[in-house]
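Here is the structure we will look at, set down as structure tokens.
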Amino acid sequence: MMLSPLKAKSERKLAKQICKVVLDHFEKQYSKELGDAWSTVRDILTSPSCWQHAVLLNRFNYPFELEKDLHFKGYHTLFQGSLPYYPKSVKCYLSRIPHRMPSERHQIGSLKKYYLLNAASLLPVLALELRDGEKVLDLCAAPGGKSVALLQCASPGYLHCNEYDCLRLKWLRQTLESFIPQPLVNVIKVSELDGREMGDAQPETFDKVLVDAPCSNDRSWLFSSDSQKAASRISQRRKLPVLQKELLRSAIKALRPGGLLVYSTCTLSKAENQDVVRDILNSCSNIMPVDMKEMAMTCSQDFTFAPTGQECGLLVIPEKGKAWGPIC
């Protein structure tokens with residue numbers, strides 16, 4: 001492959017940014033767990049120039065001119081198939097080629113027109129099937145993208161956004177302030193509680209609960225600038241499933257009988273995805289899994305799914321032209 005001097009320099013700089021400690025660790029684990037698919041996934045994850053970014057329009061400050069421009073540039077709406085649950089108020093656009101719009105700056109008193117996101121991160125939000133008036137808990141809410149997406153779907157009677165990390169909590173508050181109008185802020189509570197305590201603090205309270213759990217976060221870990229910190233993260237990685245299961249058990253306590261809970265991560269790790277779900281299903285007799293096959297079939301035009309061996313779980317893996325995920 002021929003490269004211009006400028007591009008060659010850029011490619012060399014990019015290659016240096018990939019953390020070899022993390023890549024070697026992932027190579028060993030994911031080549032076993034994903035088999036032949038890992039080669040394609042690895043190529044996408046290590047090539048940010050291939051990454052795609054979806055544009056979620058903010059219904060509270062709707063950008064009609066931007067929408068026209070997106071159509072002109074060849075963007076299309078996500079989920080052109082008919083999902084069982086897909087509110088008309090949700091407008092998410094994506095391009096089939098890698099392209100990133102500039103992020104809007106936070107301005108006090110002014111609402112942003114759009115939110116940039118990994119399109120697969122909408123799947124857990126849509127799986128919750130939020131209805132107007134329901135009480136919903138976003139247990140690990142920062143940076144706030146899924147809370148914003150939830151509010152594009154419906155107008156809950158009460159939205160509790162919780163984040164235990166104080167720095168991420170500031171990020172969450174700013175995100176909500178940037179996208180949500182003042183009247184709606186009155187139905188939103190932001191808290192800094194250890195998520196493992198939420199179930200005891202608010203038992204059987206919520207109609208819907210989202211647990212977007214702390215996880216390995218494969219995309220960002222691959223570009224760790226500090227190799228010593230990366231090595232420490234890897235050594236601590238085995239503790240994450242313990243935390244994830246504690247968060248889930250707390251979330252189940254906070255869920256009202258007959259309510260719906262969705263667990264999600266942004267890692268490929270079987271230990272943090274399928275194994276966590278399996279252990280929870282085996283140890284909690286008061287919950288039932290929900291079959292997700294219909295969602296997978298409907299979304300196959302926009303996403304690639306890896307087999308999980310669980311009908312209640314989906315694992316989105318990135319490939320060229322569909323560089324979304326990982327999301328479980």
Side-chain angles (χ1 to χ4, degrees), residues 25-38 41 120-121 123-129 137-140 146 194-200 203-204 206 208-219 221 233-297 299-300 303-318 324-328:
H25 178 75
F26 284 176
E27 186 81 42
K28 192 177 297 183
Q29 178 180 351
Y30 294 149
S31 59
K32 292 178 183 177
E33 294 183 5
L34 296 177
D36 294 340
W38 165 241
V41 172
S121 64
L123 293 179
V125 171
L126 294 171
L128 269 180
E129 299 188 353
L137 168 64
D138 190 350
L139 188 63
C140 311
K146 290 186 176 66
D194 184 331
R196 293 170 291 186
E197 299 172 2
M198 185 66 74
D200 290 329
E204 298 187 358
F206 299 97
K208 306 287 171 65
V209 177
L210 175 63
V211 183
D212 188 32
C215 67
S216 296
N217 198 337
D218 297 347
R219 285 199 188 221
W221 279 27
R233 278 177 169 173
I234 289 169
S235 68
Q236 296 290 316
R237 196 181 189 200
R238 68 177 70 93
K239 296 180 181 179
L240 280 170
V242 175
L243 171 62
Q244 290 156 350
K245 283 183 274 191
E246 289 174 344
L247 288 168
L248 270 173
R249 290 192 178 96
S250 174
I252 291 167
K253 286 183 182 179
L255 189 67
R256 70 160 178 80
L260 186 64
L261 181 149
V262 172
Y263 170 72
S264 68
T265 72
C266 51
T267 179
L268 298 162
S269 172
K270 181 175 176 288
E272 296 178 51
N273 295 327
Q274 297 98 304
D275 292 353
V276 165
V277 171
R278 183 202 62 219
D279 288 353
I280 289 294
L281 289 173
N282 288 340
S283 61
C284 299
S285 59
N286 61 334
I287 57 171
M288 292 178 58
V290 176
D291 195 325
M292 301 291 290
K293 287 200 298 290
E294 187 176 359
M295 176 177 268
M297 287 188 290
C299 298
S300 59
F303 300 108
T304 299
F305 297 96
T308 64
Q310 293 174 333
E311 292 183 345
C312 64
L314 302 177
L315 176 60
V316 180
I317 57 173
W324 313 112
I327 294 287
C328 181

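As the structure is a prediction and not an experimental result, all values here were calculated from the model.
In this structure, L315 CG and I327 CD1 are separated by 9.5 Å, a value rounded to the nearest 0.5 Å. Atom-to-atom distance recorded for L261:CG and I280:CD1 is 9.5 Å, nearest 0.5 angstrom. In this structure, L243 CG and R196 CZ are separated by 5.5 Å, a value rounded to the nearest 0.5 Å. Rounding to the nearest 0.5 angstrom, the gap separating the CD atom in Q274 from the OG1 atom in T308 is 5.5 Å. To the nearest 0.5 Å, atoms CD (Q244) and CD (E272) are separated by 4.5 Å. In this structure, the separation between OG on S269 and CG on D275 is 7.5 Å, given to the nearest 0.5 Å.
Counting only heavy atoms from C-beta outward, the side chains of L128 and L126 never approach each other to under 4.5 Å. V276 has its side chain within reach of L248: a pair of non-hydrogen atoms, C-beta onward, lies under 4.5 Å apart. Proximity of C328 to S264: side-chain heavy atoms (C-beta onward) are nowhere separated by under 4.5 Å. Using a 4.5 Å cut-off on side-chain heavy atoms (C-beta onward), M292 and E311 make no contact. With a 4.5 Å cut-off on side-chain heavy atoms, S250 and E197 do not count as touching. Considering only heavy atoms from C-beta on, D212 stays 4.5 Å or farther from T265 through its side chain. At least one side-chain heavy atom of L247 sits less than 4.5 Å from a side-chain heavy atom of P214. Residues S216 and I234 have side chains not in contact (no heavy-atom distance under 4.5 Å, counting atoms from C-beta outward).
The shortest heavy-atom contact between A306 and L34 is CB-CD2, 4.4 Å. F305 and C299 make their closest contact through CZ-CB, 4.0 Å (heavy atoms, listed as atom of the first residue, atom of the second, distance). Contact record, L260 with A127: CD2-O, 3.4 Å, taken as the closest heavy-atom pair. Nearest heavy atoms, K146 versus P124: CE-CG, 4.2 Å. The nearest pair of heavy atoms linking C284 to I252 is SG-CD1, 4.0 Å.
A salt bridge links D200 and K253; the closest N-O separation between the charged side-chain nitrogens and carboxylate oxygens is under 4.0 Å. With respect to R237 and D218, a salt bridge is recorded, a charged nitrogen being found less than 4.0 Å from a carboxylate O. Ion pairing between E129 and K208 fails under the 4.0 Å rule for side-chain N and carboxylate O. A salt bridge does not link E33 to K270: none of the charged side-chain nitrogens sits closer than 4.0 Å to a carboxylate oxygen.
Side-chain atoms of N273 come within 3.5 Å of backbone N or O of T267 as a donor-acceptor pair.
Ring geometry, F26 versus W221: the interplanar angle falls under 30°, so the pair is classed parallel (tilted spans 30 to 60°).
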If you apply the rule side chain to side chain contact (heavy atoms under 4.5 Å, CB included), what do you find for R249 with S283, and how did you get there? CA-CA 10 Å; R249 290 192 178 96; S283 61; 3.3 Å; yes

Set out, in order, the CA-CA distance, both residues' side-chain angles and the distance that settles salt bridge (Lys or Arg N to Asp or Glu O under 4.0 Å) for E204 and R256, then state yes or no. CA-CA 4 Å; E204 298 187 358; R256 70 160 178 80; over 6 Å; no

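Sparse packing is recorded around CG of D36, with 12 or fewer heavy atoms of other residues, nucleotides or ligands lying under 6.0 Å away.
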